[in-house]
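What follows is a single structure, written as structure tokens, with notes after it.
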Amino acid sequence: MFTGIITDIGEVTEIEHKGDTRFRIATRYDADGIGLGASIACSGACLTVIEKGDMGDGRSWFDVEASGETLNLTKLGSWAVGSRMNLERALKAGDELGGHIVSGHVDGVGSLASRTQEGDSWRLTFKAPAELMPYVASKGSITIDGISLTVNEVGADSFGVNIIPHTQSETTLGLLNEGDPVNLEIDMLARYVARQITFLAPGQGGTPSGA
């Protein structure tokens, strides 16, 4: 589990296509503090560390593998050497929950529709797949490329968020151009509320467990 609070921006330094696709990612994380088998959210996709080491330039590296399904259902399929991504280590018991509960399971790929400056902040509008829009609510939470953000407004096929200068500079949102893809994860609470509504709808024939 994660919180959507980004703690580093990583960079793809090597890609190996052999069965699954293997990515080597440079990071400011200390390799000694990364356990093999640990989960790291890479632009919102939970991936498993399979190898690690020292870059020799003050940075460390870790390797992850992505299946064909992961490449097809997320923006990871567009990664190339030099691609940068938001990184977050897995939540530990006792850690501060500064964002919202994030699973690291990407629900779909959206794209940046527009960027407008408002004072020192930026208003970003994203297009989202039609099947995800019912789960996006004004003032609710959404995860964009692993970042926990609050939805400001919702349209028919898009939604807007506001990002402060810190978020602009400390995540990859500041690097996005119009049309660029982003990984989206809907709020877990919205997912289960919608599931319960569907389950209890007339003709569905279900009773909640324990009721």
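The first residue in the sequence is number 1, and the count goes up from there.
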Are Val102 and Glu185 side-chain neighbours, meaning at least one heavy-atom pair lies under 4.5 Å? yes
State, yes or no, whether a side-chain contact exists between Ser114 and Glu178 at a heavy-atom distance under 4.5 Å. yes
Tyr29 six-ring centre to Arg89 NZ/CZ under 6.0 Å and within 45° of normal: yes
How close do Ser103 and Met188 get, counting heavy atoms only, and between which atoms? CB-CE, 3.8 Å
Flag, side chain of Asn86 to backbone of Thr172, donor-acceptor distance under 3.5 Å: yes
About how many Å separate CD of Glu51 and CZ of Phe62, when rounded to the nearest 0.5 Å? 12.5 Å
So which atom in Ala31 and which in Gly53 form the shortest heavy-atom distance, rounded to 0.1 Å? CB-O, 3.6 Å
Find out whether His100 and Leu189 are in side-chain contact, i.e. whether some heavy atom of one side chain is under 4.5 Å from a heavy atom of the other. no
Please find the pair of heavy atoms, one from Cys42 and one from Ile25, that lie closest to each other, and give the distance. SG-CD1, 4.0 Å
Residues Arg59, Asp54: salt bridge by 4.0 Å N-O rule: no
Would you kindly confirm whether Val64 and Ile15 end up in one hydrophobic cluster when ILVMFWY residues are joined by side chain heavy atoms under 4.5 Å apart? yes
Tell me whether Asp8 contacts the main-chain N or O of Arg28 through its side chain, where contact means a donor paired with an acceptor under 3.5 Å. yes
Minimum heavy-atom separation for Leu76 and Ala66, please, with both atom names. CD2-CB, 4.4 Å
Please give me the minimum heavy-atom distance between Thr13 and Ala26, naming the atom from each residue. CG2-CB, 3.8 Å
Would you say Ile144 and Tyr135 are hydrophobically clustered, going by side-chain heavy atoms of ILVMFWY under 4.5 Å? yes
For Leu184 and Ala128, the nearest pair of non-hydrogen atoms, with its separation, is CD1-CB, 3.8 Å
I'd like to know if the side chain of Lys75 reaches the main chain of Pro181, judged simply by a donor and an acceptor atom lying under 3.5 Å from each other, with no hydrogens or angles considered. yes
Same cluster (ILVMFWY, side-chain, under 4.5 Å), Leu87 and Trp61: no
Using modelled atom types only, decide if a donor and an acceptor are shared between the side chain of Ser158 and the backbone of Gly155 within a distance under 3.5 Å. no
Exam field: side chain Thr167 to backbone Ile163, donor-acceptor pair closer than 3.5 Å: no
Take Glu16 and Thr21, measure what side-chain hydrogen bond (donor to acceptor under 3.5 Å, both in side chains) needs, and give me the verdict at the end. CA-CA 6 Å; Glu16 180 181 6; Thr21 298; over 6 Å; no
Donor-acceptor contact present, side-chain Asn72 to main-chain Gly68, <3.5 Å: yes
Using side chain to side chain contact (heavy atoms under 4.5 Å, CB included), reason through Val109 and Val182 one step at a time and then give a plain yes or no. CA-CA 6 Å; Val109 178; Val182 292; 6.0 Å; no
Kindly compute the distance separating CG (Asn162) from CH2 (Trp122), expressed to the nearest 0.5 Å. 11.5 Å
Do Leu173 and Ile147 come within less than 4.5 Å of each other through their side chains, counting heavy atoms only? yes
Is the closest basic N to carboxylate O distance between Arg22 and Glu14 below 4.0 Å? no
Short question: side chain of Arg115, backbone of Leu176 - any donor-acceptor pair under 3.5 Å? yes
Backbone N or O of Ser43 within a donor-acceptor pair of the Asn183 side chain at under 3.5 Å? yes
Which distance, rounded to the nearest 0.5 Å, do you find between the CD1 of Ile50 and the CZ of Phe23? 11.5 Å
Is there a side-chain contact between Asp145 and Thr171, using heavy atoms and a 4.5 Å cut-off? no
Are Leu124 and Phe159 linked, directly or through other ILVMFWY residues, by side chains that come within less than 4.5 angstrom of each other? yes
Please round to the nearest 0.5 Å and tell me the distance separating atom CD1 of Ile186 and atom OG1 of Thr143. 10.0 Å
Find the distance between OG (Ser39) and CD1 (Ile34) and round it off to the nearest 0.5 Å. 12.0 Å
Stepwise side chain to side chain contact (heavy atoms under 4.5 Å, CB included) test for Met85 and Ile9: CA-CA 6 Å; Met85 78 292 297; Ile9 296 179; over 6 Å; no
Lys/Arg-Asp/Glu bridge criterion (N-O < 4.0 Å) met for Glu11, Arg84: no
Would Val151 end up clustered with Val106 when hydrophobic side chains under 4.5 Å apart are linked, directly or stepwise? no
Between atom OG1 of Thr125 and atom CG of Leu112, what is the distance when rounded to the nearest 0.5 Å? 8.0 Å
Any donor-acceptor pair under 3.5 Å linking the side chain of Glu88 with the backbone of Thr7? no
Using a cut-off of 6.0 Å, state whether more than 12 heavy atoms not belonging to Asp57 lie near its atom CG. yes
Stepwise side chain to side chain contact (heavy atoms under 4.5 Å, CB included) check, Glu153 with Arg123: CA-CA 10 Å; Glu153 73 278 332; Arg123 177 66 58 91; 2.7 Å; yes
How about Gln117: does its CD atom have over 12 heavy atoms from other parts shown lying under 6.0 Å from it? yes
